[in-house]
Chemist: 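Sharing a structure with you now.
Note that these values count all heavy atoms, side chains included, but never hydrogens, waters or copies made by symmetry. Below, chains carry the letters A, B, ... as their sequence lines are ordered, and counting in each starts from 1.
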Amino acid sequence: MIKREIKRVLAKRLEELNYELDRDDIDVEEPSNEEFGDFASNIALELGSEGDLPPRELANSIANGIESELFSRITVAGPGFVNFHLKKDFLLKGLSQLVGSSDPLGQSSVNEKETIQIEFVSSNPTGPLTVGHCRQAVLGDVLAALYRALGYEVETEYYFNDEGRQMDILARTLWARYRQALGKEVEFPEDGYKGDYLVDIGEDIASEHGDTYSSWDDETADFFKRVGLEEMMARIKEDLDLLGVQFDSWFRESKLHEEGKVEEVLSALDERDGTYKEDGALWLKAEEEGAPKDVVLVKSNGDPTYLLPDIAYHLNKLDRGYDRALVLLGADHQRHVDNMKAALRVLGFPGDFYQVLINQFVSLSNEGEVKRMSTRAGEFVTLKSLVEDLGKDVVRYFMAARKPESHLEFDYELAKKESMDNPVYYLQYAHTRIASIFEKSEYAALEGDFPLEGVDLTELGEDEEIELIKKLDKFPEIVEIAAADYGPHHLVSYGENLASIFHQFYNKYKVLTDDEGISRARLALCKGVQLVLKELLKLLGVSAPKKM
RNA sequence: GCGCCCGUAGCUCAGUGGAUGAGAGCGACGGAUUGCGGAUCCGUAGGUCGGGGGUUCGAAUCCUCCCGGGCGCACCA
């Protein structure tokens, strides 16, 4: 990574000038105007505004004092920017490292031993997964891949409520569907789940068990609760499989109750003076800890609200020894986050343990009509139908393409109709083109690393080639940013940009020419692009085909 | 009313805790191939970065107010 090397050089020079700075405090940017060099730093402006030297003078003494083989020249411009013009050798070194090692992330500065747990989707087994869950599933899956790629130890987990009121309603609804399948008159539960998915399961039960469960009693309730849970969870797993999302761990809420963790956390909150009784309910003093309002932990009927077991769950996460627990939640859970943070503060959790990524909703427009998603009303587009219609690659790419905190408008008809114009194909096409070139080249039979012996990279020098080399060098940084920012979309933006430059290059220059030297150098460059594209698509969970 | 998020080209959106002339894709219009895959490339048109104020050498980016949209403000999850 060139930028890091420049920071190192700058830090060293600043030390000579008696400024004590961490490398991370130095900003190095890529100026939009090439007149200002390949890279630029504003460090003299930042230091100058508080220091003894005016920015411009400081910039001059920084620039004049740097002796390095890496730069063709270092200039000072504007109010005090230090502009670095790179020598080609410096750029080529990066390319040869990338291609020589076949490791697009070899230059990453992050090599954490930290462990991170990522919880996402966590939908309760009362209905099929929808497009909303789909977005979160992709975001969580890609984030997990990003952190793994950076060397973190990652565990993904799905948390679900397997008992309580919702499961009761599920059981009653399922029983009603079962009775209906048998042709019996039965009253549909008031809060029942209206979707068709329970009709199918009810029919299956009817054909297998006949009229065995004719009345609603404890035995019937237990049976329908158990079968309902099993069937719904099985469907959820199937759906996630379709998307290519697999969890390392599944955590059921009832485990917390069985192990007495809920009571434990309650008394812990109590001991720390975090609760009080009012109107027969037990409240958390959330407002004292920054939440908008206090909130009920235990209802007056003795049942816990869902906040309480969730606090216990996070105590469990802490006990399991993760350094960080990231939770992905939909925008409607903002209040819950405030409450959780308050509770965890009462319990004295490490400040940065509980991390939340709130993602905004997906709106699905269909021929100008915006569809509302409601599980209870039985109106939604399922994850399954989306993937079946558009394919895993397109769905994953689209879901990852937007900033999580932005609304995602998914035009179903358009995505389906014009799928061939989708940017995902643009990236894959670049990868395919390179594969195709290699098949026609002297390296057609090549397996494993590209041999750089006898390849003279200094043959490279056209604008597009230099641009590509710089872009490739930036990839590790993009991965770090995407992880740190919890923003998989950075990969997408970068990828489209890289593919674009590659297509420009491809259109303007031939890779396979009569000149063996140029051909080999360009093939090495293509190999670099291919390595990065492949890794990027892998992180997104999108295939990188050799033929399309 | 209060809290969180969003407001950038006709549409969908990038723009990493500020940095030297506002970008991409789609759509519109006009071009490029007897050549490594045209699922590509080149060009044109299109924006007072929702609006006002503030901080600064410098603001799409930070602060504040206003407008517009989404979500939340349950002893539901």
Chemist: Checking all strands, does A/Lys508 fall into the base, sugar-phosphate, or nothing category for heavy-atom contacts under 4.0 angstrom?
Modeler: nothing

Chemist: CG of A/Asn42 versus P of B/U56: gap in Å, rounded?
Modeler: 18 Å

Chemist: Measure from the side-chain heavy atoms of A/Gln334 and tell me the nearest of B/C4, B/A77, B/C5.
Modeler: B/C4

Chemist: Compare the minimum distances between each of B/G15, B/G70, B/U12 and the side chain of A/Phe361, then state the nucleotide with the smallest one.
Modeler: B/G70

Chemist: Determine the minimum heavy-atom distance between A/Arg522 and A/Lys510, stating which atoms define it.
Modeler: NH1-O, 2.7 Å

Chemist: Name the closest nucleotide to the A/His489 side chain, picking from B/A77, B/A14, B/U40.
Modeler: B/A14

Chemist: Can the ring centres of A/Phe84 and A/Phe71 be said to be less than 6.0 Å apart?
Modeler: yes

Chemist: Are more than 12 heavy atoms, taken from residues, nucleotides or ligands other than A/Asn301, located less than 6.0 Å from that residue's CG atom?
Modeler: yes

Chemist: How would you label the contact of A/His407 with the nucleic acid (heavy atoms, under 4.0 Å): base, sugar-phosphate, or nothing?
Modeler: base

Chemist: Whether the side chain of A/Asn83 and the base of B/U20 hold a donor-acceptor pair under 3.5 Å is what I'd like checked.
Modeler: yes

Chemist: Find the distance A/Lys293:NZ to B/A74:C1' and express it as a whole number of Å.
Modeler: 9 Å

Chemist: Heavy atoms under 4.0 Å, any strand shown: does A/Lys546 hit a base, just sugar-phosphate, or nothing?
Modeler: base

Chemist: Any strand is fair game: report the nucleotide pairing with B/C73 by Watson-Crick or G-U wobble, both distances under 3.5 Å, or none.
Modeler: B/G1

Chemist: Roughly, in whole Å, what's the span from CD in A/Glu409 to C1' in B/G7?
Modeler: 14 Å

Chemist: Taking the six-membered ring for Trp, are the ring centroids of A/Phe398 and A/Phe410 within less than 6.0 Å of each other?
Modeler: yes

Chemist: Using a cut-off of 4.0 Å on non-hydrogen atoms, how would the nucleic acid contact of A/Phe505 be classed: base, sugar-phosphate, or nothing?
Modeler: nothing

Chemist: Over all strands shown, is A/Lys510 touching base, sugar-phosphate only, or nothing at heavy-atom distances under 4.0 angstrom?
Modeler: base

Chemist: Between A/Asn301 and A/Ala77, name the one whose nearest nucleotide on RNA chain B is closer to the 5' end.
Modeler: A/Ala77

Chemist: Is A/Tyr506 stacked on the base of B/C36 when the test is centres under 5.5 angstrom and planes under 30 degrees?
Modeler: yes

Chemist: Are any of the side-chain nitrogens in A/Lys474 or A/Glu30 under 4.0 Å away from the carboxylate oxygens of its partner?
Modeler: yes

Chemist: Just call it for A/Asn124: base, sugar-phosphate, or nothing, with non-hydrogen atoms closer than 4.0 Å on any strand.
Modeler: sugar-phosphate

Chemist: Here's a test of your reading of the structure: between A/Phe81 and A/Ser300, which maps to the more 5' nucleotide of RNA chain B?
Modeler: A/Phe81

Chemist: Which part of the nucleic acid does A/Thr432 contact within heavy-atom distance under 4.0 Å: base, sugar-phosphate only, or nothing?
Modeler: base

Chemist: Does the structure show a Watson-Crick or G-U wobble partner for B/U56, both distances under 3.5 Å? Name it, or say none.
Modeler: none

Chemist: At under 4.0 Å between heavy atoms, what does A/Ser436 touch on the DNA or RNA strands: base, sugar-phosphate, or nothing?
Modeler: base

Chemist: Quick one: label A/Asn161 by what it contacts on the DNA or RNA (base, sugar-phosphate, nothing), any heavy atom closer than 4.0 Å.
Modeler: sugar-phosphate

Chemist: Between A/His85 and A/Phe39, is the gap from one ring center to the other below 6.0 Å?
Modeler: no

Chemist: Where the side chain of A/His490 is defined as all heavy atoms beyond and including C-beta, which of B/C36, B/G15, B/C75 is the nearest nucleotide?
Modeler: B/G15

Chemist: Please report, rounded to the nearest Å, how far the P atom of B/A19 is from the NZ atom of A/Lys3.
Modeler: 11 Å

Chemist: Applying a 3.5 Å limit to both distances, which nucleotide forms a Watson-Crick or G-U wobble pair with B/G37?
Modeler: none

Chemist: If I take atom CG in residue A/Asn359 and atom P in nucleotide B/G72, what distance separates them, rounded to the nearest angstrom?
Modeler: 14 Å

Chemist: Side chain of A/Met548, heavy atoms from C-beta onward: which of B/G37, B/A77, B/A14 has the nearest atom to it?
Modeler: B/G37

Chemist: State the CG-CG distance between A/Leu308 and A/Leu284, to the nearest 0.5 angstrom.
Modeler: 9.5 Å

Chemist: Of all the nucleotides listed (B/C75, B/G15, B/G37), which has the minimum atom distance to the side chain of A/Trp283?
Modeler: B/C75

Chemist: Closest approach to the side chain of A/Lys474, judged atom by atom: which nucleotide of B/G38, B/U16, B/C36 is it?
Modeler: B/U16

Chemist: Side chain of A/Lys299 only, please: which of B/G38, B/C73, B/C75 is the nearest?
Modeler: B/C75

Chemist: Rounded to whole angstrom units, what separation is found between the CG atom of A/Asp515 and the C1' atom of B/C36?
Modeler: 15 Å

Chemist: Looking at B/G10, which nucleotide sits across from it as a Watson-Crick or G-U wobble partner, both distances under 3.5 angstrom, or is there none?
Modeler: B/C26

Chemist: Within the pair A/Tyr509 and B/U40, is there a side-chain N or O less than 4.0 Å away from OP1 or OP2?
Modeler: no

Chemist: Which one, B/C41, B/A77, B/C13, comes nearest to the side chain of A/Arg402?
Modeler: B/C13

